[in-house]
Amino acid sequence: MHAFDVLGDPVRRRILELLAGGEQSSGDVTTVVRAEFGISQPAVSQHLRVLRENGFTTVRAEGARRLYSVDPGPLKEIDGWLEQYRRFWTGPLDALATEIARGRRERRRVAEEEAAEK
């Protein structure tokens with residue numbers, strides 16, 4: 001399965017978001033995903049399996065619990081592929097950052113002038 005096919009599913013993306021914060025048990029992941037998506041525990045387990053089999057997560061046993069974490073390898077591959085497209089948004093994001101900084105400076109200047117008048 002291609003990386004974008006794996007990540008094309010919103011449930012799998014959400015699972016990765018949860019795991020980005022650190023290792024979690026399958027039970028904890030299942031509780032959140034079931035509440036947010038209204039799917040069954042077996043369906044969540046299937047999504048975890050797809051992520052694991054495609055290299056996006058690792059799992060380790062701790063007693064009866066299964067602890068999942070993100071494996072960054074496939075994400076690095078996606079990032080490498082995206083590199084050819086970064087030029088489309090890097091310039092506009094830099095321009096936005098400049099405008100935000102300009103607006104902050106202007107607000108600070110106005111606030112200082114108002115404070116000086118008081």
Side-chain angles (χ1 to χ4, degrees):
M1 191 177 280
H2 190 276
F4 288 110
D5 294 327
V6 173
L7 296 180
D9 187 282
V11 173
R12 290 193 284 267
R13 285 194 310 271
R14 179 63 176 131
I15 291 170
L16 282 178
E17 289 171 2
L18 292 169
L19 297 177
E23 186 177 64
Q24 291 195 37
S25 71
S26 58
D28 290 342
V29 170
T30 298
T31 299
V32 172
V33 172
R34 287 187 71 192
E36 291 180 7
F37 291 92
I39 62 175
S40 67
Q41 181 275 328
V44 176
S45 293
Q46 177 67 21
H47 285 293
L48 284 166
R49 186 173 69 79
V50 169
L51 288 168
R52 186 183 69 247
E53 288 178 354
N54 286 280
F56 284 87
T57 62
T58 59
V59 64
R60 69 179 181 88
E62 185 178 87
R65 296 177 0 142
R66 298 292 173 257
L67 299 172
Y68 283 82
S69 59
V70 172
D71 185 334
L75 297 173
K76 289 178 182 175
E77 290 175 23
I78 291 170
D79 187 55
W81 184 84
L82 286 171
E83 183 61 38
Q84 63 187 324
Y85 300 102
R86 279 200 174 75
R87 64 185 170 92
F88 294 113
W89 63 78
T90 301
L93 287 176
D94 289 345
L96 176 61
T98 299
E99 289 303 315
I100 289 170
R102 196 173 284 151
R104 286 182 182 146
R105 282 193 306 270
E106 180 62 19
R107 283 192 302 278
R108 220 174 334 181
R109 184 189 63 75
V110 168
E112 289 170 359
E113 287 175 2
E114 289 174 352
E117 291 175 2
K118 291 180 181 181

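Everything quoted here is computed from the prediction, not taken from an experiment.
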With a 3.5 Å cut-off and sequence neighbours excluded, list the donor-acceptor pairs that the side chains of residues 91-104 form with protein atoms.
from : atom 1 : to   : atom 2 : distance (Å)
T98  : OG1    : D94  : O      : 3.1
E99  : OE2    : R102 : NH1    : 2.5

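Note: R108 CZ to R105 CZ = 7.5 Å, rounded to the nearest 0.5 Å. Taking CZ of R109 as the start and CD of E114 as the end, the distance is 10.0 Å to the nearest 0.5 Å. Separating the CD atom in E23 from the CG atom in D28 is a distance of 10.5 Å, to the nearest 0.5 Å. In this structure, the separation between NZ on K118 and CD on E113 is 13.0 Å, given to the nearest 0.5 Å. Of the inter-residue distances, the one linking T30 atom OG1 with Y68 atom OH reads 8.5 Å to the nearest 0.5 angstrom. Atom OG1 in T31 sits 11.0 Å away from atom CD in E36 (nearest 0.5 Å).
The side-chain heavy atoms of N54 and D5, taken from C-beta on, include no pair separated by under 4.5 Å. Counting heavy atoms from C-beta on, the side chains of V11 and V33 come closer than 4.5 Å. Side-chain contact between L16 and T57 is present, with heavy atoms from C-beta onward closer than 4.5 Å. D9 places none of its side-chain heavy atoms less than 4.5 Å from the side chain of V50.
Salt bridge R14/E17: present, at least one basic N to carboxylate O contact under 4.0 Å.
The ring-ring contact (aromatic ring centres under 6.0 Å, His included) analysis of residues 29-65, with sequence neighbours excluded, yields no pairs.
Every residue two or more places apart in sequence or in another chain that forms a ring-ring contact (aromatic ring centres under 6.0 Å, His included) with W81 is listed here: F4, Y85.
Here the shortest heavy-atom pairing between R52 and V59 reads CD-CG1, 3.3 Å. Nearest heavy-atom pair across V70 and P72 is O-CD, 3.7 Å. Minimum interatomic distance between S26 and L48 (heavy atoms only, all atoms of both residues): CB-CD1, 4.1 Å.
Screening R13, R12, E53 against V6 for a side chain to side chain contact (heavy atoms under 4.5 Å, CB included) leaves a single residue, R12.
E62 places no side-chain N or O within donor-acceptor distance of the main-chain N or O of L67, the cut-off being under 3.5 Å. Formation of a donor-acceptor pair under 3.5 Å by the R34 side chain with backbone atoms of I39 is found in this model.
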(message) With side-chain contact (heavy atoms from CB on, under 4.5 Å) as the criterion, how do L7 and I78 come out once you've worked through the C-alpha distance, each side chain's angles and the decisive distance to 0.1 Å?
(response) CA-CA 10 Å; L7 296 180; I78 291 170; 3.3 Å; yes
